[in-house]
Amino acid sequence: MDARREEVRRRLEALGFDDVRFTALAAQPPETLRPWLAAGMHGDMAWMERTADKRLDPGLVLEGAKSAIMLGVSYWGGQQAGAGKPVWARYAQHEDYHDTIKPALVAAGKVIEEVCGAVAGEYRYYVDTGPVLERSWAARAGLGFVGKNAMLISRRHGNWLLLAAILTRAEFEPDEPIRKKTSDATVGLLCGKCTRCMDACPTDAFAAAGTVDARRCVSYQTIENKGIIPRELRAGIGARIYGCDVCLEVCPWNRFAQEGRRMLLTVRGEIAELELREILALTPERYAEVFRRTPIKRLKLTGLLRNACVVAGNSGDTTLLPEVLRLAAHDSALVRAHAVWAAKKLGGETALAAQRATETDAAVLAEYAADLS
Ligand code: B12
Ligand code: SF4
Ligand code: SF4
């Protein structure tokens with residue numbers, strides 16, 4: 001038993017991390033990332049390609065790195081209210097986790113300094129944005145297994161763990177990954193014959209078990225894509241205004257999820273209560289106030305209005321037409337393009353005619369011209 005490892009684990013759990021597991025670092029097999037990039041499945045996330053070498057080799061992130069401490073923060077808070085309202089990814093119904101987890105990572109670094117006699121340059125921590133293949137390392141550390149939905153699934157927390165990583169030059173005895181006598185699969189290890197997540201995906205985004213083609217994923221389209229959402233994916237977005245949890249929600253492993261302590265998260269339950277009508281009418285001031293400190297603020301108001309137009313077009317609610325028509329004359333061509341689509345979906349072709357005469361932007365004109373069948 002590595003006493004130093006157990007002391008670090010205990011102290012990091014006390015800081016608010018719901019799971020703390022250790023693994024030894026080595027280069028990752030290129031198959032974990034290269035084929036995905038080569039197939040262009042990262043879409044416009046060029047930063048994934050730029051940092052690929054580092055993602056595959058932690059030694060390029062921190063020279064001499066020996067161990068990764070993989071950390072899980074559960075955000076499971078039970079079933080949600082908000083039926084009939086726009087649907088937000090669960091993680092987004094909190095203040096931005098990058099900001100709220102970071103202070104605990106700073107404190108975790110101090111623990112490593114104290115327990116291992118390390119100095120600041122001998123470890124690095126990341127939550128989401130670093131060049132680290134977080135799910136793969138988390139699986140190696142035994143935090144959970146990688147499901148066919150590509151998620152790191154924990155036996156204790158289901159699909160509802162946010163991940164963070166500390167790379168360090170300190171050596172720890174590694175924790176055991178989950179293994180199965182009958183299988184050495186890396187993806188779908190505890191899925192058996194189940195394919196619920198892949199079957200439920202509203203945009204058919206799974207290129208294979210455990211492989212998401214981001215270009216088809218609602219999460220990518222509503223959060224990462226800064227431009228036009230492809231027309232053929234809009235219907236599948238349904239009422240999902242920001243992110244997507246469908247392949248997480250349907251997973252039977254959630255049955256075992258314990259409610260998270262959420263010591264490192266700040267719940268913003270009011271977001272799920274917002275009416276679509278209210279969102280379509282947001283002013284910049286109100287947007288800044290409502291989404292202050294949430295991840296949604298990074299989308300900018302125009303991105304959110306774009307998504308809201310898609311949700312409005314899918315809603316079939318013709319009483320939204322006045323708000324949508326107003327957005328068809330918005331300053332932003334991005335918003336106008338999606339508002340034109342939504343207005344047509346809601347039967348507003350005639351009302352759009354006058355606005356079309358004044359339109360000059362090519363993308364918006366293409367929306368006017370497009371066949372909606
Ligand atoms: C880019 C990215 C996205 C993209 C692409 C998603 C994707 N599947 O790759 C988009 C925008 C679509 C996205 C969506 C979401 N994301 Co995201 N995303 C990331 C990010 C920044 C990088 C992921 C990455 O490297 N992708 C490339 C693929 C190839 O790698 P991967 O899926 O991570 O890992 C796979 C391979 O390593 C493979 N693998 C492992 N071992 C081996 C071995 C062999 C031999 C082989 C062949 C393969 C293999 O299996 C792994 C799982 O698919 C990570 C943070 C990070 N730094 O890791 C967060 C991260 C993966 N996202 C996260 C979340 C929460 C989400 C969403 C749920 C958000 C939402 N509600 O809308 C969705 C879920 C979509 C899904 N089912 O994957 C969490 C996942 C937590 C968890 N428990 O798994 C992360 C870890 C962020 C965090 N720090 O918490 N995301
Ligand atoms: S997050 Fe949604 S769109 Fe993306 S793969 Fe999962 S179910 Fe499909
Ligand atoms: S829904 Fe089924 S196939 Fe998908 S990750 Fe969960 S157990 Fe695996």
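Just follow the structure's listing: the first ligand is 1, and inside any ligand the first atom is 1. Please read these numbers as outputs of a predicted model, since none were measured by experiment.
Residue contacts with ligand 3 for I153 involve side-chain atoms from C-beta outward but no N, CA, C or O (heavy atoms, distance under 4.0 Å). The part of Y91 lying near ligand 1 is the side chain, judged by heavy-atom distances below 4.0 Å. Contacts with ligand 1 closer than 4.0 Å are made by side-chain heavy atoms of R55 only, the backbone lying farther away. Heavy atoms of M151 found under 4.0 angstrom from ligand 1 belong to the backbone as well as the side chain. Neither the backbone nor the side chain of Q28 comes within 4.0 Å of ligand 1, counting heavy atoms alone. Residue Y97 touches ligand 1 through its side chain alone, judged by heavy-atom distances below 4.0 Å. Residue-level proximity to ligand 1 for V132 is carried by the backbone, the only part with a heavy atom below 4.0 angstrom.
Nearest to atom 6 (Fe) of ligand 3 among the protein's heavy atoms is C251 SG, 2.4 Å. Nearest protein heavy-atom neighbour of atom 7 (S) of ligand 3: W253 CD1, 3.7 Å. Residue, atom and distance of the protein heavy atom nearest to atom 81 (C) of ligand 1 are L161 O, 3.3 Å. For atom 32 (O) of ligand 1, the nearest protein heavy atom (residue, atom name, distance) is R135 NH2, 3.1 Å. Considering only non-hydrogen protein atoms, atom 2 (Fe) of ligand 3 sits nearest to C194 SG, 2.3 Å. Residue, atom and distance of the protein heavy atom nearest to atom 8 (Fe) of ligand 3 are C191 SG, 2.3 Å. Of the protein's non-hydrogen atoms, S136 OG, 3.3 Å is the one closest to atom 41 (N) of ligand 1. In this structure, atom 18 (N) of ligand 1 lies nearest to the protein heavy atom D128 OD1, 4.2 Å.
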Problem set entry | Verdict with reasoning, L299 to N307, per side-chain contact (heavy atoms from CB on, under 4.5 Å) | CA-CA 10 Å; L299 194 57; N307 296 353; 3.6 Å; yes
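Listed by chain and number, the protein atoms of type N/O/S under 2.8 Å from atom 6 (Fe) of ligand 2 are C247 SG; waters are omitted.
Here is the list of ligand 1 atoms found below 4.0 Å of a heavy atom in S219: 14 (C), 15 (C), 69 (C), 70 (C), 72 (O), 73 (C). Of all the atoms in ligand 2, the ones that sit under 4.0 Å from a non-hydrogen atom of T203 are 3 (S). Counting the atoms of ligand 1 from 1 in the order shown, those under 4.0 Å from a heavy atom of G243 are 72 (O).
In terms of N/O distances under 3.5 Å, ligand 1 is approached by N149. Considering backbone and side-chain N/O of G210, one or more are found under 3.5 Å from N/O of ligand 1.
With sequence neighbours left out, the side-chain hydrogen bond (donor to acceptor under 3.5 Å, both in side chains) criterion links Q258 to no other residue.
T294 pairs with exactly one of R268, H94, Q93 by the side chain to side chain contact (heavy atoms under 4.5 Å, CB included) rule, that one being R268.
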